[in-house]
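Quantities reported herein were computed from a predicted structural model and do not represent experimental measurements.
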There are 2 protein chains.
Amino acid sequence: MSDDVRTAILKASLELIDENGLRAFSMREAARRAHVSHQAPYHYFPDRESILAELVRNGFEQLHTYMSAGSTPADTAAERLERMGEAYIRFAIEHRALFRLMFRDEMVDIGHHPEAKAAADRSFHLLVEAVVGPSPSGEIADPAPILAVWSIAHGLASLELEGKLQHLFGERTPQEWKQIFSEVVRTVIPARG
Amino acid sequence: MSDDVRTAILKASLELIDENGLRAFSMREAARRAHVSHQAPYHYFPDRESILAELVRNGFEQLHTYMSAGSTPADTAAERLERMGEAYIRFAIEHRALFRLMFRDEMVDIGHHPEAKAAADRSFHLLVEAVVGPSPSGEIADPAPILAVWSIAHGLASLELEGKLQHLFGERTPQEWKQIFSEVVRTVIPARG
DNA sequence: GCTGCGCCCTGACAGTGTCAAGCCCGTCGG
DNA sequence: CCGACGGGCTTGACACTGTCAGGGCGCAGC
């Protein structure tokens, strides 16, 4: 039964940040929405950051799903990269608050939360394989091409989420943005050796 | 005289985030460091966000200095872009907390602070000119090439600041990172038409 | 029948941003 | 010379936060 409370707290926490941004999350408000006392969350999580870390872990698992859905092995490497970049950006836009949380290390220091870190590593490994081909060993000889595709996707997603693009390029429909994103990704990705 | 208090509060605020991250900032602690009461800041700023907005404005002015220092008109366009990207990333690394603050719209909503927005726009205009050449009119026909160079620089800087690069690629010296950054920037930037 | 423990509660504390009100002192009009 | 005024800063209070301390209730096992 008690897992009900745990999942209710997580659900309430995610709703809070989805509805009103990262600053809207508080343990006491999450507890209120889960209809438990302000101390009940401490029975399942050692502290505030651990609640968020669980959301981050789930987030990276969802991101993994997005990215792997976009990469069927039959295609060329360039096409896979393009679809993976689009999937990364689509995830960011469809889960705005969660994406921000996943990359804000002053809110969740991933080094303190091994399960979240493991999930993040799995997503990252998907990207590495798409760039350099299947490589079971974790070693990365040349980071530059991997960084190039990751940076472009992450940079675009970040600038969009922080409102810099609407702000500077004017309002556009989501459809138009998708078009522009594709163009940018396609412009840049074939450039790596 | 009273400007002394104002600048002392700003100085204390910047020190706080520099020393212990964005979460370390509080009005009361900044007031304490400025040796004034916890309400003195309200005499100069309407609220907490306005203090941070002033830091953001100063930050964008510094970023503008970094970027324009890297673009002397005699060079080729590609070289200018490369140096500007490096300057952008160098600014981020030399002012980690400030850079984060400048791009966190849930901490400072730039739309509510016209002076900060104006400073941000000036930096942005520098980038636009470097990509499409001098264009006094604010109109941007094709956002894709501008977005490409901005995203790569912003993505690299963000991933570095959030600790994702050390974390996944291992520890490297700042010198090595600079080398890798240059390589990435050079890989990507010539790719635009 | 007693003990222990999982599960959840109430209560308290220091810290926060912000509203309200007051105090000190230089300036200025009469 | 004196009284009102207002800029610059203060103390006090409020609701809210995360977290520590401790209690109570119901069930399992001895």
Side-chain angles (χ1 to χ4, degrees), chain A residues 1-56 97 100-101 104-113 116, chain B residues 1-56 97 100-101 104-113 116:
Chain A
M1 299 303 156
S2 61
D3 271 356
D4 285 356
V5 172
R6 191 187 143 93
T7 59
I9 289 167
L10 288 171
K11 180 167 174 287
S13 302
L14 186 57
E15 285 173 4
L16 278 174
I17 67 173
D18 267 347
E19 290 167 13
N20 295 308
L22 292 184
R23 301 212 73 162
F25 167 75
S26 86
M27 295 188 70
R28 293 174 101 110
E29 183 59 29
R32 248 170 258 135
R33 290 212 186 189
H35 305 290
V36 291
S37 80
H38 71 269
Q39 276 290 31
Y42 279 91
H43 208 78
Y44 303 94
F45 306 93
D47 54 21
R48 172 194 152 102
E49 183 172 329
S50 297
I51 298 180
L52 298 175
E54 181 86 16
L55 296 181
V56 166
R100 283 148 102 137
L101 186 61
R104 288 250 199 305
D105 77 337
E106 88 271 18
M107 301 202 80
V108 178
D109 182 350
I110 215 169
H112 295 161
H113 301 276
Chain B
M1 301 303 155
S2 59
D3 271 355
D4 285 355
V5 172
R6 190 187 143 92
T7 60
I9 289 167
L10 288 172
K11 179 165 175 288
S13 302
L14 186 57
E15 285 173 4
L16 278 174
I17 67 172
D18 267 347
E19 291 168 13
N20 295 307
L22 293 183
R23 300 212 74 161
F25 166 75
S26 85
M27 296 188 70
R28 293 174 102 110
E29 182 61 28
R32 246 170 260 135
R33 290 213 186 188
H35 305 289
V36 291
S37 77
H38 70 269
Q39 277 288 31
Y42 279 91
H43 208 79
Y44 303 95
F45 306 93
D47 53 21
R48 173 194 152 103
E49 182 172 329
S50 297
I51 299 180
L52 298 176
E54 181 87 17
L55 297 182
V56 166
R100 282 148 103 137
L101 186 62
R104 287 252 200 301
D105 77 336
E106 87 272 17
M107 301 203 78
V108 178
D109 181 350
I110 215 171
H112 296 159
H113 301 276

Round to the nearest Å and state the distance from H43(B) atom NE2 to dC23(C) atom P. 17 Å
Protein and nucleotides 20-22 of chain C: nitrogen or oxygen contacts under 3.5 angstrom:
| unit_1 | atom_1 | unit_2 | atom_2 | d |
| --- | --- | --- | --- | --- |
| dA20(C) | N6 | Q39(B) | NE2 | 3.4 |

Check whether the side chain of H38(A) and the base of dG11(C) form a donor-acceptor pair under 3.5 Å. yes
For DNA chain C, what residues of residues 12-29 of chain B have any heavy atom nearer than 4.0 Å? S26(B), M27(B), R28(B)
Who passes side chain to side chain contact (heavy atoms under 4.5 Å, CB included) against D18(A), sequence neighbours left out? L14(A), A97(A)
Could you check if a side-chain atom of I110(A) sits within less than 4.5 angstrom of a side-chain atom of D105(A), using non-hydrogen atoms only? no
Among residues at least two apart in sequence or on other chains, which ones pass salt bridge (Lys or Arg N to Asp or Glu O under 4.0 Å) with R48(B)? none
For A31(A), what residues pass the side chain to side chain contact (heavy atoms under 4.5 Å, CB included) criterion, not counting sequence neighbours? V36(A), P41(A)
Mind checking A40(B) for me? I need base, sugar-phosphate or nothing, with any heavy atom below 4.0 Å counting as a touch. base
For E15(B), which residues count as a salt bridge (Lys or Arg N to Asp or Glu O under 4.0 Å) partner, sequence neighbours excluded? K11(B), R33(B)
Listed by chain and number, what are the side chain to side chain donor-acceptor pair (under 3.5 Å) partners of S50(B), not counting sequence neighbours? D47(B)
Please determine if a side-chain N or O atom of R32(B) lies less than 4.0 Å away from the OP1 or OP2 oxygen of dG15(C). no
dT19(D) phosphate, OP1 or OP2, under 4.0 Å from Y42(A) side-chain N/O: yes
Applying side chain to side chain donor-acceptor pair (under 3.5 Å) as the test, list every pair that has at least one member in residues 21-31 of chain A; sequence neighbours left out. E29(A)-R32(A)
Close approaches to DNA chain D from residues 47-54 of chain A, in residue order (heavy atom, under 4.0 Å): D47(A), R48(A)
Which residues satisfy the side chain to side chain donor-acceptor pair (under 3.5 Å) test with H113(A), sequence neighbours excluded? E49(A)
Grab the CE-P distance between M107(A) and dG18(D) for me, whole Å please. 10 Å
Rounded to whole Å, how long is the line connecting atom CG of D4(B) with atom C1' of dG7(D)? 15 Å
